[in-house]
Visitor: 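Below is one structure. I have some questions about it.
In what follows, chains are A, B, ... by sequence order, proteins preceding strands, each numbered from 1.
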Number of protein chains: 2
Amino acid sequence: MTSLRDVAKRAQVAVSTVSAALNGTRPVAAETKTRIERAAAELGYRPNLLARGLVSKRTRILALLFPAPHSGFGLTEMQFATGAAEAAGELGYHLMLSPENTDPVKELRYLTGLGLIDGVLLMEVRLDDERTAFLTEAGVPFSMIGRTRDPGSTSYADIDFARTAQDAVAHVAGLGHRTLAFLNHSSNAYSPQYGPTIRTGEEFAAAARRAGIDYVGGLHADSAQEGRRAFDRLVDERPDVTALAVMNDHAAVGVLAAVAARGWRIPQDLTLMLVLSSARVAEMFHPRLTTLEPPSSELGRLGVRMLIDRLQSGDDTPHQRLVPCRLVVGDSSGPPPATPGERGGRAGGPAGATAGDRTGDRDERTGDLARDRTGDRAGHPARDRTGDETGA
Amino acid sequence: MTSLRDVAKRAQVAVSTVSAALNGTRPVAAETKTRIERAAAELGYRPNLLARGLVSKRTRILALLFPAPHSGFGLTEMQFATGAAEAAGELGYHLMLSPENTDPVKELRYLTGLGLIDGVLLMEVRLDDERTAFLTEAGVPFSMIGRTRDPGSTSYADIDFARTAQDAVAHVAGLGHRTLAFLNHSSNAYSPQYGPTIRTGEEFAAAARRAGIDYVGGLHADSAQEGRRAFDRLVDERPDVTALAVMNDHAAVGVLAAVAARGWRIPQDLTLMLVLSSARVAEMFHPRLTTLEPPSSELGRLGVRMLIDRLQSGDDTPHQRLVPCRLVVGDSSGPPPATPGERGGRAGGPAGATAGDRTGDRDERTGDLARDRTGDRAGHPARDRTGDETGA
DNA sequence: TTGAAAGCGCTAACAG
DNA sequence: CTGTTAGCGCTTTCAA
């Protein structure tokens with residue numbers, strides 16, 4: 001390990017001059033500077049982060065607290081991490097992965113006490129998250145992916161649920177649907193305080209109301225079996241429903257089974273969309289489902305950027321960013337059936353010319369998933385991952 | 001930040017004594033020790049990792065180099081990371097996520113030059129991976145998830161492809177199949193040097209040969225469309241194939257479409273299994289596919305454990321561990337049809353009573369995915385995630 | 001069994 | 001503009 005002293009010796013100057021030259025901390029004569037730089041390069045000098053951190057109190061290390069991979073820990077959550085790590089790397093920071101144990105606050109106290117990290121990035125934030133209080137009180141800079149019920153002056157990047165719901169509603173409304181049902185997670189699948197579950201439900205209801213669409217809520221399912229049952233119940237009670245949005249991949253599997261069992265076809269008899277699920281998952285279905293894909297990676301990036309921004313500016317005005325999901329139209333969206341009451345066969349009935357045909361004549365497309373088609377009525381143009389800017 | 005000096009002051013001893021007492025570095029009188037411990041607890045003392053690392057040259061920080069999330073970056077890869085982070089945490093270490101840019105070796109040089117990390121964990125290891133040479137030469141301790149062509153004396157945790165293939169072959173053979181086809185990734189989907197792609201192909205061929213099963217290889221597909229085409233070609237050329245193993249999720253989607261298009265049923269007309277894919281993904285299919293699920297999280301854990309073991313023992317005899325995939329039997333496995341030549345309808349023909357029925361009478365099961373049933377002929381008992389021990 | 005002192009590699013006053 | 005000096009918080013000799 002070559003140190004500052006080695007460089008100083010070789011360049012015939014004092015260590016502090018080398019430090020200054022390399023960091024631009026104070027003016028250094030051009031000639032001296034180049035001499036120092038050459039010496040540093042020749043020796044392959046790398047500043048020791050520990051020593052630097054010890055005195056400067058800043059390590060350029062961020063911690064990402066991620067929850068134990070419980071039930072629903074999928075691609076989405078992990079993309080936060082990769083997005084965050086990338087953004088950190090681009091800005092000269094490092095990202096530490098800290099698995100959260102049973103006592104998050106204790107974990108945080110330990111972690112921040114180490115003097116190792118400059119800031120914390122929280123994910124899986126609950127509406128009443130206790131971690132924010134601790135961090136605020138401890139004076140540890142942090143930002144969140146997701147947000148608490150009342151974010152106040154904390155920094156966060158979260159999904160724009162209102163806009164997402166609005167886009168979804170506009171999509172089905174644009175296709176001519178007048179009734180939309182929403183199949184949510186059960187409230188205890190994740191924490192009962194899990195923001196996305198609650199906010200998505202609320203916002204779908206609100207968006208439907210505003211659009212003058214009939215909304216059917218209060219449905220929950222976390223497994224294929226529950227999804228199937230929920231769908232059957234739904235159709236019994238509300239045979240007029242022609243469009244359904246589903247939160248849970250597994251529930252969607254059950255819904256598809258129930259749809260097929262009734263002899264219904266998608267999208268002719270029902271428009272089905274997956275909410276907060278990646279296009280990669282939606283692609284696994286037959287037909288390929290329309291999806292509202294969460295901007296996971298971008299949220300991770302944003303979270304890191306706003307954290308670093310705060311760290312570097314010293315200014316702690318909060319950054320709060322909402323990013324809508326991206327509507328990826330699949331093969332499960334279509335106009336509503338002319339006569340909803342007379343759809344398909346019935347359970348156990350003649351199943352001919354249903355799923356077999358459907359998959360049979362389905363046109364296989366390659367990777368053209370990025371087509372952003374929003375319903376005509378929506379009025380806003382196709383949108384892509386927008387800026388990377390931290391913007392207030 | 002309370003420091004050693006604060007504790008020393010409060011306990012009325014010298015800093016060096018506090019250090020010794022807290023680290024057990026040298027004998028300290030029991031009475032003094034408790035006094036120190038109490039003082040430390042009262043002050044909420046946390047050792048500063050930077051200061052400690054600066055002198056001890058050991059930070060207890062490990063770096064996980066993960067590749068840019070290119071094409072096939074899924075759940076599997078991410079589970080390495082979570083497994084690794086957990087294992088690290090349990091052993092008092094920290095895991096840094098280092099996204100790999102275009103020049104991995106440069107990245108590594110930089111990273112290891114920082115004096116910040118004690119060791120490196122490599123993933124997405126290619127058969128001729130250049131990173132290992134650098135790390136070896138630089139004397140940086142490392143271990144791998146995956147392995148190079150000739151691992152020599154490097155430490156790694158990898159999938160036991162031979163055993164996995166053997167289990168798969170035994171499974172289908174046990175069901176009575178005499179012919180097995182294998183649909184691999186195309187060689188350029190990942191790096192042309194991507195170990196799993198190559199090893200799995202080889203081992204399936206070998207296992208089939210040993211089991212006296214007719215093997216059809218040389219098939220590749222990375223997308224649904226390619227999967228569909230590959231399957232159609234396969235059936236044309238080898239109508240005797242009754243079992244098919246598929247590496248790629250997307251290809252499997254295409255295969256299922258092609259199967260349905262022919263009016264075939266699964267598993268009656270074809271036994272289909274997914275290789276190196278998580279059970280969560282297999283669950284998305286209809287019917288739920290039999291899977292050989294990679295022990296991703298465990299590989300991550302093992303990688304970290306062997307790295308830390310080497311770090312702490314100072315002994316650099318390599319640890320090399322192979323862990324087979326877990327066979328999760330789904331609803332896509334069954335005995336071969338009596339007369340393979342007369343299966344189902346043909347493309348575009350009467351699709352009646354096919355997929356519709358299949359999904360219709362499918363029994364929805366909840367979460368009971370852990371059933372380990374290995375083929376009768378295999379002769380080895382159900383196996384679960386085995387030990388966590390690092391074992392040499 | 002304990003204390004004093006040196007120093008890890010760096011930054012940041014302060015003099016020159 | 002540059003060199004000297006004093007630490008950051010800790011571990012580790014070396015004496016006592």
Side-chain angles (χ1 to χ4, degrees), chain A residues 1-37 39-40 43-61 92 110-118 312 314, chain B residues 1-37 39-40 43-61 92 94 110 112-118 312 314:
Chain A
M1 269 289 302
T2 113
S3 76
L4 261 196
R5 245 192 26 192
D6 303 324
V7 180
K9 206 168 291 172
R10 183 173 244 266
Q12 311 268 38
V13 288
V15 273
S16 65
T17 309
V18 179
S19 173
L22 262 27
N23 297 309
T25 313
R26 71 182 188 195
V28 172
E31 193 268 336
T32 327
K33 191 169 172 186
T34 54
R35 189 150 39 93
I36 290 173
E37 278 165 350
L43 293 171
Y45 169 74
R46 302 267 152 230
N48 182 313
L49 287 196
L50 296 181
R52 174 178 288 175
L54 185 56
V55 33
S56 71
K57 303 298 182 200
R58 315 202 45 254
T59 59
R60 298 177 81 88
I61 300 177
Y110 165 76
L111 200 63
T112 55
L114 259 22
L116 189 59
I117 59 174
D118 286 351
Q312 294 189 332
Chain B
M1 268 289 302
T2 116
S3 78
L4 260 197
R5 245 193 24 193
D6 303 323
V7 180
K9 207 167 290 171
R10 183 172 243 268
Q12 311 269 38
V13 289
V15 274
S16 64
T17 309
V18 179
S19 172
L22 262 27
N23 297 311
T25 313
R26 71 183 188 195
V28 172
E31 193 268 335
T32 328
K33 191 170 173 184
T34 53
R35 190 152 39 91
I36 289 172
E37 279 165 348
L43 293 171
Y45 170 74
R46 303 270 151 225
N48 182 311
L49 287 196
L50 296 181
R52 176 178 286 176
L54 185 56
V55 33
S56 71
K57 303 297 181 203
R58 312 197 54 251
T59 59
R60 299 178 82 88
I61 300 176
H94 299 274
Y110 166 76
T112 55
L114 258 22
L116 190 58
I117 60 175
D118 286 351
Q312 294 189 331

Visitor: May I have the distance from Arg52(A) (atom CZ) to dC8(C) (atom C1'), rounded to whole angstrom?
Guide: 16 Å

Visitor: Whole-Å distance between dA4(C) P and Lys9(B) NZ?
Guide: 13 Å

Visitor: More 5' along DNA chain C: Ala51(B) or Ala29(B), using each one's nearest nucleotide?
Guide: Ala29(B)

Visitor: Indicate the atoms forming the closest heavy-atom contact of His94(B) with Leu111(A), along with that distance.
Guide: CE1-CD1, 3.9 Å

Visitor: Here's a test of your reading of the structure: between Pro27(A) and Ser16(A), which maps to the more 5' nucleotide of DNA chain D?
Guide: Pro27(A)

Visitor: Measuring to OP1 and OP2 of dG3(C), would you say a side-chain N or O of Thr17(B) lies under 4.0 angstrom away?
Guide: yes

Visitor: Rounded to whole Å, how long is the line connecting atom CZ of Arg60(A) with atom C1' of dC10(C)?
Guide: 15 Å

Visitor: I'd like the 5' and 3' limits of the part of DNA chain D contacted by chain A, with heavy-atom contacts below 4.0 Å.
Guide: dC1(D) to dG9(D)

Visitor: What's the NZ-C1' distance between Lys33(B) and dT1(C), to the nearest Å?
Guide: 13 Å

Visitor: With a 4.0 Å cutoff (strictly under), does any side-chain N or O of Lys57(B) reach OP1 or OP2 of dG9(C)?
Guide: yes

Visitor: Rounding to a whole Å, what distance do you find between Leu22(A):CG and dA12(C):P?
Guide: 14 Å

Visitor: Provide the closest heavy-atom pair for Ala40(A) versus Val7(A) in the form atom of the first, atom of the second, distance.
Guide: N-CG1, 3.9 Å

Visitor: Is the shortest side-chain N/O distance from Ser56(A) to OP1 or OP2 of dT11(C) below 4.0 Å?
Guide: no

Visitor: In whole angstrom, give the distance that lies between atom CZ of Arg5(A) and atom P of dT11(C).
Guide: 15 Å

Visitor: Closest approach of Thr2(A) and Gly44(A), non-hydrogen atoms and distance?
Guide: CG2-O, 4.3 Å

Visitor: Within a radius of less than 6.0 Å around CZ of Arg5(A), do more than 12 heavy atoms belonging to other residues, nucleotides or ligands occur?
Guide: no

Visitor: I need the minimum non-hydrogen distance between Arg58(B) and Gln312(B), along with the two atoms involved.
Guide: NH2-N, 4.3 Å

Visitor: If I compare all heavy atoms of Arg52(B) with all of Asn23(B), which pair ends up nearest, and what's the gap?
Guide: NH2-OD1, 3.4 Å

Visitor: Toward the 5' end of DNA chain C, which comes first, Gln12(B) or Val55(B), by nearest nucleotide?
Guide: Gln12(B)

Visitor: For the side chain of Arg26(B) and the base of dG3(C), is some donor closer than 3.5 Å to an acceptor across the two?
Guide: yes

Visitor: Looking at dC8(C), I'd like to know if its phosphate oxygens (OP1 or OP2) sit under 4.0 Å from a side-chain N or O belonging to Asn48(A).
Guide: no

Visitor: Would you kindly give the CG-to-C1' distance between Leu54(A) and dC8(C), to the nearest whole Å?
Guide: 9 Å

Visitor: Using every non-hydrogen atom in the two residues, find where Lys57(A) and Asp118(A) come nearest and quote the distance to one decimal.
Guide: O-OD1, 4.0 Å

Visitor: Rounding to an integer number of Å, can you tell me how far Arg58(A) CZ sits from dC10(C) P?
Guide: 18 Å

